[in-house]
Visitor: 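Please read through the structure below; I'll follow up with questions.
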Amino acid sequence: MTKLAGKCVLITGGGSGIGLAAARLFLLEGARVAITGRDGAKLERAASALQGKDRLIHRPADISDAGQVQTLIEAVTKTLGRIDILVNNAGLNIKDRKFQQLTPESWKSLVGGNLEGAFYCMKAVLPQMQERKDGLIINVNSISGKRASPLGGPAYAAAKFGLRGLAMAVAAEEKDNGIRVSSIYPGEVDTPILENRPAPLSEEHRRTILQPEDVAEAILFVATLPARVAIPELVIMPSKATYI
């Protein structure tokens, strides 16, 4: 029997990378899945590749826009019936990420895409979880949310540190409502976000880092644990990386 039969899942940033890999695993485990992202054409391609049939829906939305998020949650809930699991996976970075390169506009973009979007999604989905006294929120953070470094850049690190604090505080507030909040902190992952690195990665380096499927497996692990189990934080790193 599949582990998540009957569960309804919403995955942000589901058009590629970790989100797409996670959607595939959730479908294999019997869940009904909704994927969202800013690029409607990318979502169409992802949905076609996933072949989830009547257990998969896709709807474009910019999660940095609170109004679009509320509309998204309402639409997904209407179609699936509820949202049992929210996977806050969407995130972004830019090439010009050094502090002296940041502008008020790029700062707002990075905070909006990496922190505010997760807040809007959590805020919109929590009422139905509170009503049912059950729910799971998985935030795909970054190692930059634990260890700030020039690699991610100051704005990205600030947003991810903020996401860590947000997740911890909501977990503490909502545990008596039966709602669990987990944060996963991947190290380097070979996803499309690497295209915005200031310096391109070699193919040799890409082969040594995490693949989207590796992080997706960690997400699924958290999602398939019984309700009595909480995983507040989980760090997943390439085996050749140093965690200090």
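Small disclaimer: the values here were computed from a predicted structure and weren't measured.
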Visitor: Would Leu234 and Ser183 count as a side-chain contact (heavy atoms from CB on, under 4.5 Å) if you check the C-alpha gap in whole Å, the side-chain angles of each, and the deciding distance to 0.1 Å?
Guide: CA-CA 6 Å; Leu234 190 158; Ser183 293; over 6 Å; no
Visitor: Linking I/L/V/M/F/W/Y whenever any side-chain heavy atoms sit under 4.5 Å apart, do Val69 and Val181 land together?
Guide: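 Same hydrophobic cluster.
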Visitor: So if you build clusters from Ile, Leu, Val, Met, Phe, Trp, Tyr with side-chain heavy-atom gaps below 4.5 Å, do Val76 and Met129 land together?
Guide: yes
Visitor: Between Thr103 and Ser106, does any side-chain donor sit less than 3.5 Å from a side-chain acceptor?
Guide: yes
Visitor: So, for Ala31 and Val9, which heavy atoms are closest and what is the spacing to 0.1 Å?
Guide: CB-CG2, 3.9 Å
Visitor: Taking only residues two or more places apart in sequence, or in another chain, which ones meet Pro150 in a side chain to side chain contact (heavy atoms under 4.5 Å, CB included)?
Guide: none
Visitor: So, for Leu163 and Ala118, which heavy atoms are closest and what is the spacing to 0.1 Å?
Guide: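 Smallest interatomic distance, heavy atoms only, reads CD1-CB, 3.6 Å.
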Visitor: Looking only at heavy atoms, what is the nearest atom pair of Ala159 and Leu110, with distance?
Guide: CB-O, 4.0 Å
Visitor: First locate atom OG1 of Thr191, then atom CZ of Arg206, and finally report the distance between them rounded to the nearest 0.5 Å.
Guide: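 Taking OG1 in Thr191 and CZ in Arg206, the distance rounds to 8.5 Å.
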Visitor: Identify whether NZ of Lys or CZ of Arg in Arg147 sits under 6.0 Å from the centre of the six-membered ring of Tyr243 and within 45° of that ring's axis.
Guide: yes
Visitor: Between Arg180 and Ala230, is there a donor-acceptor pair closer than 3.5 Å when you use the side chain of the first and the backbone of the second?
Guide: no
Visitor: Please confirm whether the backbone N or O of Tyr156 pairs with a side-chain atom of Asn93, one donor and one acceptor, at under 3.5 Å?
Guide: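 Not a single qualifying donor-acceptor pair exists.
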Visitor: State plainly whether the residues Lys98 and Asp96 are in salt-bridge range, i.e. N to O under 4.0 Å.
Guide: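 Looking at Lys98 and Asp96, the cut-off is not met.
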Visitor: Mind running side-chain contact (heavy atoms from CB on, under 4.5 Å) on Arg82 and Asp84 for me, showing each step along the way?
Guide: CA-CA 6 Å; Arg82 65 188 186 277; Asp84 298 298; 2.9 Å; yes
Visitor: To check you understand the geometry: which heavy-atom pair defines the closest contact between Ser142 and Tyr185, and what is its length?
Guide: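 So the minimum-distance heavy-atom pair works out to O-CD2, 3.2 Å.
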Visitor: Answer yes when Glu188 and Arg197 have at least one side-chain N-carboxylate O distance shorter than 4.0 Å, and no when they do not.
Guide: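 Yes, this pair counts.
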Visitor: Under the criterion side-chain contact (heavy atoms from CB on, under 4.5 Å), which of Asn88, Thr77, Ile73, Ile85 is the partner of Leu10?
Guide: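 Of all the options given, the one that passes is Ile73.
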Visitor: Just by modelled atom types, is the Ala41 backbone N or O under 3.5 Å from a matching donor or acceptor in the Asp39 side chain?
Guide: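 Judged by distance alone, yes, a pair lies under 3.5 Å.
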Visitor: Distance-only, no hydrogens or angles: does the Asn114 side chain make a donor-acceptor pair with backbone N or O of Lys160 under 3.5 Å?
Guide: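 No, because the side chain of Asn114 does not come within donor-acceptor range (under 3.5 Å) of the backbone of Lys160.
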Visitor: Do Met122 and Asn139 have side chains that get closer than 4.5 Å, going by heavy atoms?
Guide: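 Counting from C-beta outward, Met122 and Asn139 do come under 4.5 Å.
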Visitor: Between Val189 and Ile94, is there shared hydrophobic-cluster membership here, with clusters defined by ILVMFWY side-chain heavy atoms closer than 4.5 Å?
Guide: no
Visitor: Donor-acceptor check, side chain of Arg55 to backbone of Val33, threshold 3.5 angstrom: yes or no?
Guide: no
Visitor: Take atom CD in Glu131; do more than 12 heavy atoms of anything else shown fall under 6.0 Å from it?
Guide: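 Check fails, neighbour count at 12 or below.
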Visitor: Out of curiosity, Ile83 CD1 to Leu136 CG, how far, rounded to the nearest 0.5 Å?
Guide: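 That separation rounds to 12.5 Å.
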Visitor: Mind checking whether Ser109 and Leu92 have side chains closer than 4.5 Å, heavy atoms only?
Guide: yes
Visitor: May I ask you to decide if Gly13's main-chain N or O and Asn89's side chain share a donor-acceptor pair within less than 3.5 Å?
Guide: yes
Visitor: In Å and rounded to the nearest 0.5 Å, what is the CD1 to CG distance from Ile137 to Leu126?
Guide: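 That separation rounds to 4.5 Å.
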Visitor: Among side-chain atoms of Asn196 and Lys95, is any donor-acceptor pair under 3.5 angstrom?
Guide: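 No.
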Visitor: Do you see a donor-acceptor pair shorter than 3.5 Å between the side chains of Gln211 and Asp214?
Guide: no
Visitor: Salt bridge check, Glu29 against Lys7: does any charged N sit closer than 4.0 Å to a carboxylate O?
Guide: no
Visitor: Nearest 0.5 Å, what's the CG-CD1 distance between Leu50 and Ile35?
Guide: 5.5 Å
Visitor: For Arg97 and Leu151, indicate whether the former's side chain and the latter's backbone hold a donor-acceptor pair under 3.5 Å.
Guide: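 Yes, the answer is positive, given that a donor and an acceptor are paired below the 3.5 Å cut-off.
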Visitor: Running the 4.5 Å side-chain criterion over Ile, Leu, Val, Met, Phe, Trp and Tyr, what cluster does Ile209 land in, apart from itself?
Guide: Leu194, Leu201
Visitor: About how many Å separate CZ of Phe161 and CZ of Arg164, when rounded to the nearest 0.5 Å?
Guide: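 So the gap between those two atoms works out to 7.0 Å.
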Visitor: For the pair Arg38 and Asp62, find out whether any cationic side-chain nitrogen is under 4.0 Å from an anionic carboxylate oxygen.
Guide: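 No salt bridge links Arg38 with Asp62.
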Visitor: Going only through I, L, V, M, F, W and Y residues with side-chain contacts under 4.5 Å, is there a path from Val222 to Ile143?
Guide: no
Visitor: Do Ile138 and Ile236 share a hydrophobic cluster, counting only Ile, Leu, Val, Met, Phe, Trp and Tyr and linking them when any side-chain heavy atoms are less than 4.5 Å apart?
Guide: yes
Visitor: Run the salt-bridge test on Lys146 and Glu233 with the 4.0 Å N-O cut-off and return the result as yes or no.
Guide: yes
Visitor: To the nearest 0.5 Å, what is the distance between OH on Tyr120 and CG on Leu115?
Guide: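 One gets 9.0 Å once the value is rounded to the nearest 0.5 Å.
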Visitor: What do the steps show when you test Asn141 against Ile184 for side-chain contact (heavy atoms from CB on, under 4.5 Å), and what is the final call?
Guide: CA-CA 6 Å; Asn141 197 305; Ile184 296 177; over 6 Å; no
Visitor: Any idea which heavy atoms bring Ile231 and Ser182 closest together, and the distance?
Guide: O-OG, 2.6 Å
Visitor: Quick check: does any side chain N or O of Thr224 sit under 3.5 Å from a backbone N or O of Lys3, one acting as donor and the other as acceptor?
Guide: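 Looks like no, no N/O pair under 3.5 Å.
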Visitor: Given side-chain contact (heavy atoms from CB on, under 4.5 Å), test Glu217 with Leu25 step by step and report yes or no.
Guide: CA-CA 8 Å; Glu217 290 282 1; Leu25 292 183; 3.9 Å; yes
Visitor: For residues Ala157 and Ala148, report the shortest heavy-atom separation together with the two atoms involved.
Guide: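 Smallest heavy-atom distance, with atoms named: CB-CB, 3.9 Å.
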Visitor: In the structure I gave you, are the side-chain heavy atoms of Glu116 and Ser64 within less than 4.5 Å of one another anywhere?
Guide: no
